[in-house]
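Notes for the one structure printed next.
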Amino acid sequence: MHHQDLTTGVNAGLAWYYLLAAMLNAAAACYVAYMEMVSEGASRAGLGARSRRLPDWLMITFFGLNGLASVVVLFRGMFGEMGFTLAYGLAAIANVIVAIAAGADAAHFAEVMDHGHGVGADDHKPTLDDHIPAVGLGGPVNRTLWTLIWGMISVMFQAMGVSYILGGGFTMPSLFRDAIDYVSGPTTFFTGATLAFVALYAYRKYVANALVAWCLMNATLLFFGLSLTDFDFRDIVVKPDNVPIIGLIVLVAFFTWIGLRRAVINDSRMAKGLPNLEELEPEKTLTWPDLVYTELIAMVGQTIFLTIWAIVLQAPLEQPASSTVAPNPSKAPWYFLGLQEMLVYFDPWMAGVVLPSMIVVGLMAVPYIDTNKAGNGYYTISQRKFAWLTFQYGYLVLWVVLIILGTFLRGPNWNFFGPYEYWDVHKLIPLNNVNLSDIFWVQLLGTSRPTNFLLRELPGILIVLGYFTVLPALLYRYCFRKYTAEAGFIRFSVLAMLLLFMASLPIKMVLRWTINLKYLVYIPEFFFNI
Amino acid sequence: MAKMSLKEKLAAARAGGAAQPVDDASPPVEAEEAVSAPVEETEAPAPAPAAVAAAAAAASLGRPMTLKEKLAAARAGGTPASAVVAPAPKPVAAAKSVEASEVSTEKVVPPPAAALGRPMTLKEKLAAARGTGTSAPATGSGSAPVASAAKPVTAAKAITARVLPPLDKITDPKDLAEALRQAGAKKTKDVTAAAAAAKAAEAGATPAAAKAAGKATAKADPKAKPVAPKPSKSAATSENGVERRTILMIPIIGWIVIGWATFSAAMLQLTIMCGRFMFPNVLAEKPSTIKVGVGSQFEPNEVNERWKAEWGFWIVRSTYEGQDQIYAIQSVCTHLGCPPNWLAGEQKFKCPCHGSGFYISGINFEGPAPRPLERFKISTSDDGQLVVDKSQKFQQELGQWSDPDSFIPV
C-alpha cells in the first residue's frame with residue numbers, strides 16, 4: 001500500500017515551511033551583521049543584543065514586500081490561480097534581499113574595520129563591530145563569515161521553497177528512508193536517546209554556543225522538512241492529536257538549551273572568580289504589578305492562541321466508546337505515553353501504581369534529600385552534576401523521549417514502526433517473552449520448573465533482593481560515602497531506593513530487548529510479578 | 001532582622017500609649033480607657049500611616065523611591081506610625097513622632113550604591129538590608145516613641161519586682177497600666193477580645209454596661225487571664241444586660257436551631273437517597289447465558305467473532321492438550337482489560353493497547369500480559385445448542401481448564 005508522497009497541497013505547505021525557515025536564517029544573518037554584540041557576556045542585559053538598527057531602506061523593503069504579499073493573499077480572487085504564487089514570490093524576494101543585504105553590509109563593515117576607520121579602532125577599545133562572547137563560550141566569531149553562512153542557508157531554503165511552489169519539489173531519497181527504518185527500533189531509539197543525553201552533558205560547552213545550536217536547528221528544520229515529503233511520516237505527524245508533541249519537542253529543546261547555556265556561562269564565570277549572571281542582575285522587580293501583569297498578558301495571549309488552535313486543528317472525534325472494541329493502536333493521553341511505554345515492560349501493578357507513586361514521592365523528597373546548597377538562585381551544572389544528570393535523565397529521556405516514542409513510533413498492536421514505515425496492522429514481530437524461571441530451570445539447567453512457586457522463582461527473588469540490598473551497599477562504598485557522612489544514613493537510604501527504582505526502568509527495557517525477559521519474578525498465583 | 005517581632009511592636013506601641021499620662025501628669029484615667037488604648041495600638045501598624053511616612057521621606061529625596069528605600073521607609077515608619085493612630089490626648093506628641101519618623105527614615109535608608117561604582121549584587125543588598133535592620137533600632141532610638149518605649153519597659157521590670165495591689169484598688173494609673181500590660185503580654189488575643197467586649201458594651205448604648213464590662217476585665221485575676229472575659233460572661237455580671245440579651249437572643253437561637261435542623265435533615269435524606277440509588281428497582285442487564293448454536297457448525301481451528309461486539313467472547317474450536325474442544329474465551333486482555341483482536345493471518349489474539357499476544361488457545365506468549373485469557377462456562381442445552389454462561393469463569397493458571405464445564409469436547 002503506497003500513497004503519493006507529494007501532492008499539490010503538500011507542495012504548497014512545504015513551500016511556506018521553507019519560506020519561514022529562510023526568514024529565520026535571514027534574521028540570523030541580520031543579527032550577526034547588524035546587532036551590537038559588544039556587551040554580550042558583560043552583563044545579563046548583554047545576552048539580548050541591543051539593536052544597531054537595520055538600514056531603513058532594508059526595513060521598508062522587507063515589510064513593504066511582505067505587506068504587499070498579504071494584500072495579494074487577501075485579494076487573491078483578482079489574480080486567479082496565481083494569487084498565492086504571486087504572494088509567495090513577493091515574500092521570497094523580501095527574504096533574499098534581506099539575506100544578501102546583510103551579507104554585503106557585513107563585508108563592508110569588515111572592510112571599514114580593516115582600514116582603521118572603525119570608531120575607537122586606534123585605542124583597541126571594543127567597537128560596534130567587535131564581538132565579545134560570553135565567558136566560556138569560546139572566542140569571538142567572524143561576523144562577516146557567519147553572516148554569509150546564514151545568508152547562504154537562507155537563500156538555499158528559499159530556493160527549495162520556490163521549487164516546491166512551482167510544483168517541482170523533491171522528496172527524501174528512499175534509500176535514506178529505508179536505512180532509517182531499518183536501524184530504528186525501540187532499542188536503537190532508546191539507546192540513541194541515552195547516548196545523545198550523555199553527549200549533551202559532555203559537550204555542553206559546544207552546545208551552549210549559539211552558532212552550534214543554530215546549526216543544529218537548521219539541520220532539524222531540513223530533516224523535518226524532507227521527512228514531511230514522506231506520506232507515512234506526514235500521516236502520523238500532522239494528525240491534530242500529535243501536533244502538540246511537535247510543539248513539545250520545540251519547547252523542551254529550547255528551554256533545555258537556554259538553561260544549559262546560562263549554566264555553562266555561569267560555571268565559566270565562577271571558575272574565573274567572576275560573579276555569575278544572576279548576581280549581575282541590577283535590580284529586582286516587584287511581583288505586583290510587574291510579574292502579575294506579565295502573567296495576565298501571557299494568559300490572555302494563551303487563551304487567544306488556544307482558541308484559534310481549537311478552531312483550526314480540531315481533535316478527531318472517534319467512534320462511540322465500547323467495552324468490546326478498542327482503537328488500534330490504543331494510546332493514552334500524550335502526557336501518559338511514557339507510563340504506557342513502561343507498561344510494556346512491567347506488570348500493571350508495578351508500572352501503573354508502584355513506579356508512578358515512586359516518581360511523585362521521589363520528587364517530593366528531593367528537597368529533603370538534597371544537601372548541596374550550591375545552585376541556589378542561579379543556573380549551574382558543574383556545581384550540581386549529580387542533581388542535573390539525575391533529573392534531566394529522568395525528565396528528558398525517561399519521560400519526554402518515551403512520549404515521543406509512544407506518539408510517533410508505536411503503531412497498531414503497539415508494535416514499533418520506523419518514522420517512514422507504513423502502519424501495517426498485520427506487521428509481524430515475533431516476540432516470545434520468557435520469564436526468568438524458564439530461562440534458569442529450563443534453558444540453563446535443562447530440567448522442568450519446580451512446582452513450588454517459591455522454589456521456582458527463587459533465582460528471580462534473589463536477584464531482586466540483591467538489587468535492593470547489595471547495590472545500595474556498593475553505592476555507599478563507591479559513590480555516596482561523603483554524602484552519607486553529610487546527610488545521614490536515612491537520607492542516603494531513601495536516595496538509593498529512589499535511584500534504584502528509577503534505574504529499574506531502563507534495566508528492564510534492556511533485559512527485554514536483549515534476552516526477551518518478561519518477568520524476573522513471576523507468581524501469577526498471587527498476581528505478583530516483577 | 002529588619003522586621004520587628006509582633007511582641008516587640010506591641011511592647012513599643014503599648015509603651016508609647018501608656019507613657020502619655022505620665023508626660024501630661026493627667027488625672028487618673030478610667031479603667032476602660034486604659035484597656036482600650038493599648039488595644040487600639042495593637043491594631044496600629046496599618047499600611048496607610050506607614051505609607052504617609054514613606055511618602056514624606058520620598059519627597060525629601062526628590063526622586064521616586066526604589067523598592068529598597070520604600071521597604072526601609074515602611075519598616076522605619078511602622079513603629080512611629082502606631083503613635084500617630086493611638087488615641088493620644090496630645091496631638092503634638094503625634095506630630096513629634098511623625099517628624100521623628102522622617103528623621104529616622106532618612107537615617108535608615110542606606111546610601112545609594114553609587115559609592116561602589118556599580119549596581120549592588122544580591123548578596124550585598126541582603127547584607128545591607130541586614131545591616132540596616134539591626135542598626136535601625138539603634139538609629140531610631142533617637143525618635144520619640146522608641147525612646148519612650150525603652151523607658152517604660154525598664155520601668156516595668158522594676159515594677160514587676162514589687163507586688164502590685166489588686167486591680168480594683170489601684171489608683172495610680174501607672175500601676176494600672178503596668179498590671180494590664182503584664183496581663184496583656186501574656187495573651188494579646190485576649191486583650192483584643194476584651195476590647196471587642198468593651199466596644200460591644202459601648203455600642204449597647206448604656207454607659208453602665210460599658211463600665212461593667214470594664215470592671216469585669218479589671219476584676220479578673222491579673223496572674224491568669226484577667227482581660228479575657230467572654231462578652232456573655234461580662235454581660236452576666238450586669239443584670240440589665242442579661243435580661244435584654246436573653247430576650248433578644250431567644251428568637252435568634254430558635255432560627256439557628258431550625259436552620260441547622262433543616263439542613264441536617266436534608267443532608268440525611270440525600271444520603272439515604274444516594275444509598276437507595278444503589279439498589280434499582282429494575283436491572284436492565286442482559287441475561288448471563290446465551291445460546292450460540294449447535295457445535296457442529298464450528299470448523300476446526302476457527303475463532304468465531306460473532307459474539308465479541310455484544311457479548312464479549314469468542315467461540316473457539318481448537319485443539320487444547322491433544323483434545324479437540326469448543327470453548328468460549330472472554331475478549332478481555334489479562335494485562336489491563338483492553339479487548340484484543342483476533343489476527344487470523346498470524347493465528348493469534350493481539351491486544352492493541354500494550355501489544356500482548358495470545359495463542360488461539362488463549363495462552364499468553366508475548367507482551368506484558370501476565371496470564372492467559374479466561375474462559376466462560378459452556379454447556380449443551382436440551383435442544384442440542386451450546387450455551388455460554390458468562391457468570392462463571394475458568395482460569396488456566398489455576399488449573400481450571402480441565403474442568404468439564406470449561407469446554408465441549410468434539
Side-chain angles (χ1 to χ4, degrees), chain A residues 43 275-276 278-286 290 322-332 340-352 377-378 410-416 425-435 453 512 516 518-519 522-529, chain B residues 66-68 70-71 113 118-126 129 305-314 330-357 359 363-372 395-399:
Chain A
S43 72
N276 60 45
E278 282 72 18
E279 279 173 356
L280 290 175
E281 209 166 320
E283 183 64 78
K284 297 271 167 195
T285 51
L286 296 164
D290 295 6
S322 158
S323 61
T324 54
V325 180
N328 193 7
S330 276
K331 292 198 178 180
Q340 192 173 2
E341 188 64 23
M342 251 158 69
L343 278 164
V344 176
Y345 306 98
F346 284 99
D347 185 74
W349 177 74
M350 282 291 288
Y378 57 91
R410 286 290 185 183
N413 300 326
W414 210 248
N415 283 327
F416 187 93
V425 184
H426 298 286
K427 178 177 180 177
L428 200 56
I429 299 179
L431 270 179
N432 219 337
N433 299 328
V434 280
N435 295 309
F453 66 86
R512 174 69 62 86
N516 272 335
K518 188 170 188 176
Y519 292 123
Y522 172 70
I523 308 177
E525 290 90 340
F526 294 97
F527 301 102
F528 184 82
N529 308 302
Chain B
T66 67
L67 171 64
K68 215 181 339 170
K70 272 183 202 166
L71 283 173
R118 59 172 172 82
M120 293 168 87
T121 68
L122 181 60
K123 263 184 198 165
E124 287 165 351
K125 273 183 201 169
L126 282 173
E305 298 205 76
R306 243 180 85 189
W307 293 275
K308 191 199 167 195
E310 206 176 332
W311 292 86
F313 62 81
W314 294 284
Q330 189 189 14
S331 61
V332 170
C333 180
T334 50
H335 178 226
L336 278 178
C338 285
N341 301 307
W342 170 247
L343 305 181
E346 289 95 67
Q347 286 287 302
K348 69 178 178 188
F349 300 102
K350 185 77 176 168
C351 181
C353 295
H354 304 92
S356 293
Y359 295 123
I363 305 283
N364 54 321
F365 71 99
E366 66 178 357
R371 54 198 183 85
Q395 300 182 3
Q396 189 266 348
E397 73 275 12
L398 301 181

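Letters go in sequence order (proteins before strands), and every chain restarts at 1.
In this structure, chain A has a heavy atom under 4.5 Å from the side chain of B/Leu343, while its backbone stays farther away. Of the two parts of B/Cys353, the backbone and the side chain both hold a non-hydrogen atom closer than 4.5 Å to a non-hydrogen atom of chain A.
Of all the listed residues (A/Gly377, A/Ala326, A/Pro348), the one sharing the greatest number of non-hydrogen pairs under 4.5 Å with chain B is A/Pro348. Most heavy-atom pairs under 4.5 Å with chain A: of the set B/Lys308, B/Glu397, B/His335, this distinction falls to B/His335. Between chain B and the residues A/Asn415, A/Leu343, A/Val434, A/Asn529, the most heavy-atom pairs under 4.5 angstrom are made by A/Leu343. Contacts with chain A were tallied for B/Ser331, B/Gly367, B/Cys338; B/Gly367 has the most, counting heavy-atom pairs under 4.5 Å.
B/Tyr359 is linked by a ring pair (Phe, Tyr, Trp, His ring centres under 6.0 Å) to B/Phe365, counting only residues two or more places apart in sequence or in another chain. Residues satisfying the side chain to side chain donor-acceptor pair (under 3.5 Å) criterion with A/Arg512, sequence neighbours excluded, are absent altogether.
Shortest non-hydrogen contact noted between A/Pro327 and B/Pro352 is O-CB, 3.6 Å. Shortest non-hydrogen contact noted between A/Phe346 and B/Pro368 is O-CB, 4.2 Å.
To the nearest 0.5 Å, atoms NE2 (B/His354) and CE (A/Met342) are separated by 10.5 Å. Atom OG of B/Ser356 and atom CH2 of A/Trp414 lie 12.0 Å apart (nearest 0.5 Å).
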B/Lys348 vs A/Asn413, side chain to side chain contact (heavy atoms under 4.5 Å, CB included): CA-CA, chis, key distance, verdict: CA-CA 12 Å; B/Lys348 69 178 178 188; A/Asn413 300 326; over 6 Å; no
